[in-house]
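Worksheet: the structure to be examined is printed underneath.
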Amino acid sequence: MNSKNKKDSILEKDVDSMNDNKKGPGGKRVTFNKNRISWRIGLNNFAKHLFSLSTVFAVVVLVILLFQIIKGSIGWLDWQFLTSNLSIFPEKAGIIGAIVGTLYLMMIVIPVTLILGVSTAIYLEEYAIEGRIQRFIKVNISNLASVPSVIFGLLGLTVFSRMLSLGSSIMAGGLTMSLLVLPIVVVSSQEALRAVPGFLREASYGMGADKWTTIWRVVLPVSIPGILTGAILAISRAIGETAPLVVLGIPTLIMKIPTGVLDDFTVMPIQIYYWTLDTVLTPEYAYLASATIVVLLLTLFILNSVAIVIRNKFQKTF
Amino acid sequence: MRSTNEEQNKYVYDVRGLNLWYGDNQALKDITMGVEENEITAIIGPSGCGKSTFVKTLNRMIESIPIVRTEGEILYHGHDIFGSHMMVEELRTRVGMVFQKPNPFPKSIFENVVYGPKIHGVKDKKILMEIAEQSLRGAALWDEVKDRMSENAYSLSGGQQQRLCIARTMAVSPEVILMDEPTSALDPVATMRIEELMEDLKKEYTVIIVTHNMQQAARISDKTAFFLSGELIEFDMTHKIFSNPQDKRTEDYITGRFG
Amino acid sequence: MGKNSIREIIQNNIRNKNHFSDKVMPKVFFVMASISVITTFGIVYTLIFDSIKFFSQVPIREVFSTNLNPLSRDPSFGFLPLLNGTLLTTIIAMIVAVPVGMAAAIYLSQFASAKLRKVLKPILEVLAGIPTIVYGFFAYSFVTPLLMNLIPSLGAKNALSPGIVMGIMIIPMVASLSEDAMNAVPTIMKDGALGLGSTKLETTLKVIIPASISGIVASIVLGISRAIGETMIVTIASGSSKNFTFDITQSMQTMTAYIVEFTSGDAGSGTVGYYSLYAVGLILFVFTLGMNLIAQYISRKYREEY
C-alpha cells in the first residue's frame, strides 16, 4: 500500500501544481498524467524485450545451425574420413585431397597477399603524398572489397586460366583468391601502421635514420601483430570461399592428390558444394558434407582463436 | 500521509548523507544539504571536486555511467529518488537539465523546443506553437529565431544553442532546472545574456547551477555551496559565503589562493 | 676507441651511402599498390570486352525478354528471369535482415548492459564469419525441409529458403554497421533527450536514429549489395530454373547462380553462351558497384552536422 501511494503521490502533486498560480513561462503548463507515463515506460520495456529477442534470434539460429551440422557429422567424421581420398562409396570417402588442396592454396595466397597487401599499406600510409592518387587507390580498395566473389572468379577465369593458361590449377585458384582477399590485408595493415605512435618514428629520424630504415626497423616490427591478425582473417576468408573456384571450373571429382602448384585440386568448400548438390542421388552425401563443414569450421575457429591470441598478447601499450 | 510528508519538508531537494563512488574512487562524501523553492543555488569548487557529479545525481543522469554506486538519500519533495518506485522518466521531466555544452538535437529549432511536450503526448499544433513561443520568450531567444523556426538548430551560434536548450527544458515546465556549467563553452557576451536570463528563471523555477566561475556565482545566486574533494565544505547565503566565510578553505578558494 | 673515431666511422658511412633505398623503395611500393588498381581495371576490362562480343550477337530486345534458354540448339538470352530471381531473393533477405539487424543494433547500442554486449557481439561476429557455402547447405538441407511443413507446395529448390538464410547471413552486417552509426551520436545529445525525461525507446527513435540515419541507410544499402552478389546460397538452394515467375515457393535462378552454372557446365569458350556469363557478370558488377557508391555517397553527403 505504502509503495503504491508513494508512486502515485508525486504524480498527483503535478495535478495540484497545475492548478497553482505557479505556472510555466506564459501560464501554460503541459499536463501529464500517470497513465501516460506508465504507458510510455511500458512501451519502452516492451520494445526492449522485442529488441533483445531479435538479438537472441541470431544466437538461436547459430545454435541450430551448429547443432544440425554436428548431428549430421556424427558417425562420419573420423580418422578414416580425414585421411581417405574421394570415393563414390560414401563409407569410404574422405577429404585428404581437399585438405592437401587447401594447404597448397594457402602456399600461394599467404605470400602473395602478405607481400602485396603490406606493400600497398606501406605505400598508402608512409610514402604516398595526400592527394588524388592516394585517394583514388583508397577508394579503389574499398570498392574492390565489395565486388562479389563470383566476379573475381570471372577475372581469374579470363586472366589466369585462359590468358596465362593456368587452367584450374592451384596457381590459378591461389592467385584469384589472393586478389579477392587483398583488400582485407591492406586495410588491416594500414590500421596497424597508423597505430604506431609518432614518437617512435621521430626517435628514429632524430638519430639520422632515413625513411626506409625507420619503416623496416621501427615501424614494421611494432605493427606485426596487427598485420598478422588481418592476414589470418584474410586467410580464413580464402579457406571458406567457394564461388571463385567453382567459376574457375575445378573438376567435379579429383582422385589424384595434388603434388605441385600446377596440378588440379579441390578444397573443402568445393567438396561441400558437390556433395550437397548430389544428395539428391546419394542421401549419405549430406553426412559427408556435414562432416566436411565441421572440419572447415574447426579450422576457421582455430585460425580466429590464434588471431585473437596474437591481438591480445602482442598488443603493445605505449 | 502524503501531505504531511510534504509539509514536514520545506525543501525541494533534501540530500541526506549522500556518498557516491566511481568504482573504488569516492567522488562524493557524506553530502547533506537542502535546496529551497524558487532560489538559485550555486555550486562552486575547483575542478574534480565532485560538483558536476552532484548535480547529475540529482536527476539520476549519473546512472548512465555503469560503475557508479550511491549511498544515502536524496528526497525530492519528500520522495527518495533512488526508491524502487521512482520513475526516472518522471523525475527528469520535473527536474530539467541544461548541460555543459549546448546539445540541441539535429532537428529544426521548433522541433527541438517541442520535443518534450511531444513525447508527453501533446499533439495539437496550435498548443505546440504556443508552448514554443512561450519557452523561447522565456529563454530570451524568441526575437532572434521567430522567423527561422524551421531551420536546423545547428545553424544557431553557440550561445543561441544554449538558450535553445534552456527553452527546450522550459517547454516541459519543470519545477527545478539543473545547470551544469552552462556558460563554460560560451563567449563573455553569450554568458552575460544567460546570466540575465537567470534572474527571470528564478521567478518560476528552482535553479541549481554548477559553475567554475566565482563571480558568476556571486552575481546570480541566492545560496552558494562550496565543494572540495567530494566534500561539502560550506553552504550558506551567497553574500555570507563571499563576505564572511566560516571555513578557512572556503576563504582560500574565493580569495584565489588555490583552484 | 675514442669518441672521435666512432664519429668518423659514422660520417664515413653517411658519405659513402648512395641513398639507394630512399630512391627505390617508394617506387617499389607504388608498383605494389597499383596492383589493386590494375585488378579493378582487369575486372572492368574482362567484363566489358567479352560483354561487347555478347551484345554484338544478341539483340538488346532479346536481352530484355523473359525467355532464357542458353543451351538449346536455338539459344535465347532473355535476362529478365535472372534479374527477377536476384530481385526476389534480395527482397526476402532484406525483409529478414533489416528489422532483425536494426533491432539488434538498437538493443546492443542502447539497451544491453556492457556485460551482455561483450557476449552478444562476438556471437554476431561468428555468424558473420561462417562461409556462405555452409549457409547454402543449411538452407537446402534444413530450412527448406522445415518450411515444407508449413508450405506443402514448396519446391525442393525455391527462392524463399535461400532468401531467408541470406537475410540471416546479412543480419550481423546491418547490425554492426548500424550500431557503429548509433554509437557515433554524441553522448551529450543522448543525455539531452534522457534529461528531458524521455524513455530509452523515445531517445532512440526520436534522437539517436534521426541523427544516425545516414549510417543506417548506408548499412542497409551495403546489405542489399551483399545479397545481390551472394552466390553459393542461392546456387545450392534456389536451383537453376529459368522460368520468369513471382512464385517464391518455386525454383528460380539468380544472376550469380547463372554464372556458376554456366562456368561449371559445358559452354565452350567462344560461344554466345560463354560470353553471356560476362554480360551477366557486368550487370551484376554495375549493380553492386552502384550500391556501394550510393552507400558511400549517403554516408558522406548526409553526415549530420554536430
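We name chains A, B, ... by the order of the sequence lines, and we start the count at 1 in each one.
Taking chain A as the reference chain and counting heavy-atom pairs below 4.5 Å, the highest number among C:Thr288, C:Val37, C:Leu293, C:Val31 is found for C:Val37. Chain C forms the most heavy-atom pairs under 4.5 Å with one residue out of A:Leu53, A:Leu65, A:Leu62, and that residue is A:Leu65. Residue with the most contacts toward chain A among C:Leu124, C:Leu127, C:Ile171: C:Leu127 (heavy-atom pairs, distance under 4.5 Å). The candidate from C:Ala175, C:Ala103, C:Gly229, C:Gly42 with the greatest count of non-hydrogen atom pairs under 4.5 Å with chain A is C:Ala103. Of the residues considered (A:Ile137, A:Leu116, A:Asn143), A:Asn143 shows the highest number of contacts with chain C, using heavy-atom pairs under 4.5 Å. Interface check for chain A: of the options C:Leu120, C:Ile43, C:Leu284, the most heavy-atom pairs under 4.5 Å are formed by C:Ile43.
Side-chain contact check for C:Leu47 versus A:Ile151: some heavy-atom pair is nearer than 4.5 Å. Residues A:Val246 and C:Met232 are in side-chain contact: their nearest non-hydrogen atoms beyond the backbone lie under 4.5 Å apart. Inter-residue side-chain proximity for A:Thr158 and C:Tyr45 is flagged as unmet; no heavy-atom pair is nearer than 4.5 Å. Residues C:Ile35 and A:Thr120 have side chains not in contact (no heavy-atom distance under 4.5 Å, counting atoms from C-beta outward).
Remark: the A:Tyr273 side chain and the C:Thr235 side chain contain no N/O donor-acceptor pair separated by less than 3.5 Å.
In this structure, chain C has a heavy atom under 4.5 Å from the side chain of A:Leu296, while its backbone stays farther away. Proximity to chain C (any heavy atom under 4.5 Å) is restricted, for A:Phe136, to the side chain, taken from C-beta onward. For A:Ile293, the part sitting under 4.5 Å from any heavy atom of chain C is the side chain, from C-beta outward, and nothing else. Of the atoms belonging to A:Thr292, not a single heavy atom falls under 4.5 Å from chain C. Looking at A:Leu179, the atoms closer than 4.5 Å to chain C (heavy atoms on both sides) all sit in the side chain, from C-beta outward. Proximity to chain C (any heavy atom under 4.5 Å) is shown, for A:Tyr123, by both the backbone and the side chain. C:Phe137 touches chain A through backbone and side chain together, each having a heavy atom under 4.5 Å away. Contacts of A:Leu248 with chain C are absent, with no heavy-atom separation under 4.5 Å from either backbone or side chain.
Atom OH of A:Tyr287 is surrounded by 12 or fewer heavy atoms from other residues, nucleotides or ligands within 6.0 Å.
Among residues two or more places apart in sequence or in another chain, the ring-ring contact (aromatic ring centres under 6.0 Å, His included) test is passed with A:Phe57 by none. Scanning for salt bridge (Lys or Arg N to Asp or Glu O under 4.0 Å) contacts around C:Arg226 gives an empty result, with sequence neighbours left out.
C:Pro131 pairs with exactly one of A:Thr242, A:Leu297, A:Ile239 by the side-chain contact (heavy atoms from CB on, under 4.5 Å) rule, that one being A:Leu297.
Ring geometry for C:Phe111 versus A:Phe51: interplanar angle of 30 to 60°, hence tilted.
Judged purely by atom type and a 3.5 angstrom limit, A:Asn44 has no side-chain atom pairing as donor or acceptor with the backbone of C:Thr199.
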